[in-house]
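Values below: every heavy atom of this structure, side chains too, minus hydrogens, waters and symmetry copies.
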Amino acid sequence: MLCTRVRAQQAWTLRQQVTLAAIAAPTGNESTRARMVQQLLQQCGTAPVTMYETGNVECAVGPGDTPPLVCMAHLDSVYATSPQLDAPIAVQRDGALVHAPGIGDNSRGLAGLLTLAAILQAPDVLPLLTRRVHLVATVGEEGDGNLRGARAWFDDSANVGVTPVAAIAIDGPGDTSIVHQAAGAHRLRVAVHGAGGHSWVHADAHNPIHALGDFIARASRLGNAQRRDVVVHITRMGGGESLTAIPQHAWVEVDVRGTSATRIASVRQQLVRLAHDVTPASLRVTITALGDRPAGALAGDHSLVQLAQRATEAIGVVPHAAVASTDANIPLSRGIPAICLGAGGDGGGAHTDGEWYDDTHGARGLERLVRVVMALAS
């Protein structure tokens, strides 16, 4: 019954996805898309829909006398270029194939959240629920958002003594991956400052960019991209005031990710020491933390992972475990069982202007999601 309903709603789900992808929502500027999600959630049923001060949007479905289930999808997107917030994002659709930055990550996840809201509130489904399901559209999942929306939701729940039985992050397309290991991350900015000067007259002055060049070369060797316990990347850089002047200021930003919280902490300490080591006494270095994402993991034999594996096999595909950094990092780091699932379909080019989504098998992943939610909540 539910699977038939999901397939019947496939076209509806894609329409919501396209609508949301057209609304610019870079991290920190999710409010316009959040208001649209609020309206669409209100159209899905009678459950009250609330937008909180954090910017999160939430509705809760089902009885509230047992530990709840929480399903999260993030509102913000990453763009290769920053769009004007009041201008629509260009969405090019050719049947089941759609091109737009953010069309998969995470307009697809939000569309999956809306599909859940509609199905769970159907007159023949709602009475089956024995557990409340919180459906939360979160802010600040990407980049320097530092999982702000997920942190706020779990902080607020803890403050009122509520511990969810499980959490599911709905992120992007896909129907085979089960993310039950959270990659942690530490982001920092290293800036070097000096007196500057004329590039010929003051040729012997120390150069902040030269110091950071040494830092970059040595920092890149601290990670291990093959083992993935910790990976180090310089992601942004800038500085300098003139083509013919020794810079007064220069900076780089570093993204340290990994599956080992211990290794991440160790590499962070090494980066701090390295920044000071490469900076001559005549220059000054400042180090600013830009964010921390906690690592965490759920064992492969945990009942939630096993449930997701069975649901994946039930839709006719082979499940495989994956590691990622998502809203699920927060509950996993706090001992709450959590996984991240795609919302169906196929896609690629995430975090670029060339992102695309293919809805040919879109219903399959939604069916998996509904199977897992109903098994936990009914």
Side-chain angles (χ1 to χ4, degrees), residues 26-29 76 78-84 101 140 142-148 183-295 325 350-354:
T27 305
N29 294 276
D76 53 331
V78 169
Y79 299 94
T81 57
S82 297
Q84 294 181 348
E142 299 284 9
D144 57 7
N146 205 31
L147 306 180
R148 182 169 64 89
H186 182 81
R187 283 76 183 258
L188 52 85
R189 173 181 285 209
V190 178
V192 178
H193 317 271
H198 192 284
S199 56
W200 175 256
V201 176
H202 307 107
D204 58 346
H206 285 122
N207 187 318
I209 290 181
H210 292 181
L212 284 174
D214 192 10
F215 172 83
I216 291 170
R218 294 165 64 179
S220 64
R221 295 193 289 267
L222 294 178
N224 189 316
Q226 282 70 46
R227 196 166 59 237
R228 298 293 180 100
D229 58 337
V230 66
V231 176
V232 179
H233 279 289
I234 307 298
T235 54
R236 289 191 293 194
M237 61 190 302
E241 296 78 37
S242 167
L243 176 62
T244 58
I246 295 169
Q248 292 179 293
H249 308 282
W251 56 269
V252 296
E253 290 179 352
V254 191
D255 184 9
V256 183
R257 298 191 188 213
T259 56
S260 167
T262 301
R263 287 283 289 129
I264 292 172
S266 174
V267 168
R268 181 195 179 281
Q269 292 173 353
Q270 293 178 65
L271 288 168
V272 171
R273 287 196 301 269
L274 176 59
H276 288 283
D277 289 344
V278 301
T279 305
S282 62
L283 301 177
R284 178 173 58 90
V285 62
T286 59
I287 301 171
T288 306
L290 301 178
D292 276 296
R293 294 178 175 231
S325 178
H351 293 195
T352 75
D353 282 343

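Between the Asp76 side chain and the Glu142 main chain, a donor and an acceptor come within less than 3.5 Å of each other. For Asn146 (side chain) and Asp292 (main-chain N/O), a donor-acceptor pair under 3.5 Å exists by modelled atom type. Side chain of Gln248 to main chain of Glu241: no donor-acceptor pair is present (N/O by atom type, distance under 3.5 Å, no hydrogens or angles).
One finds the CZ atom of Arg293 at 11.5 Å from the CD1 atom of Ile264 (value rounded to the nearest 0.5 Å). A distance of 5.0 Å separates CG of Leu222 from CD of Gln270, quoted to the nearest 0.5 Å. Annotation: the span from Arg187 atom CZ to Arg236 atom CZ amounts to 10.5 Å, rounded to 0.5 Å. Rounded to the nearest 0.5 Å, atoms OG1 (Thr235) and CG (Leu290) are 8.5 Å apart.
Between His193 and Thr286 there is a side-chain heavy-atom pair separated by less than 4.5 Å. Between Pro247 and Asn207 the shortest side-chain heavy-atom distance falls below 4.5 Å. Using a 4.5 Å heavy-atom cutoff, the side chains of His202 and Ile246 are in contact. In this structure, the side chains of Leu188 and Arg268 come closer than 4.5 Å at one or more pairs of heavy atoms.
The two residues Thr27 and Gly140 come nearest to each other via the heavy atoms CG2-CA, 4.0 Å. Residues Leu283 and Gly194 share a closest heavy-atom pair of CD2-CA, 3.6 Å. Contact detail for Gly239 and Trp251: the closest heavy-atom pair is N-NE1, 4.1 Å. Pairing each heavy atom of Ser325 with each of Arg257, the nearest pair is CB-NH1, 3.8 Å. For Ala295 against Gly258, the heavy-atom pair with the smallest separation is CB-O, 4.5 Å. For Asp255 against Ala185, the heavy-atom pair with the smallest separation is OD1-CB, 4.2 Å.
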side-chain contact (heavy atoms from CB on, under 4.5 Å) evaluation trace for Leu271 with Phe215: CA-CA 8 Å; Leu271 288 168; Phe215 172 83; 3.9 Å; yes
Would His276 and Ile287 count as a side-chain contact (heavy atoms from CB on, under 4.5 Å) if you check the C-alpha gap in whole Å, the side-chain angles of each, and the deciding distance to 0.1 Å? CA-CA 10 Å; His276 288 283; Ile287 301 171; 4.1 Å; yes
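Salt bridge status for Arg218 with Asp214: present, with a side-chain N to carboxylate O gap under 4.0 Å.
Qualifying salt bridge (charged side-chain N to carboxylate O under 4.0 Å, His left out) partners for Arg148, counting only residues two or more places apart in sequence or in other chains: none.
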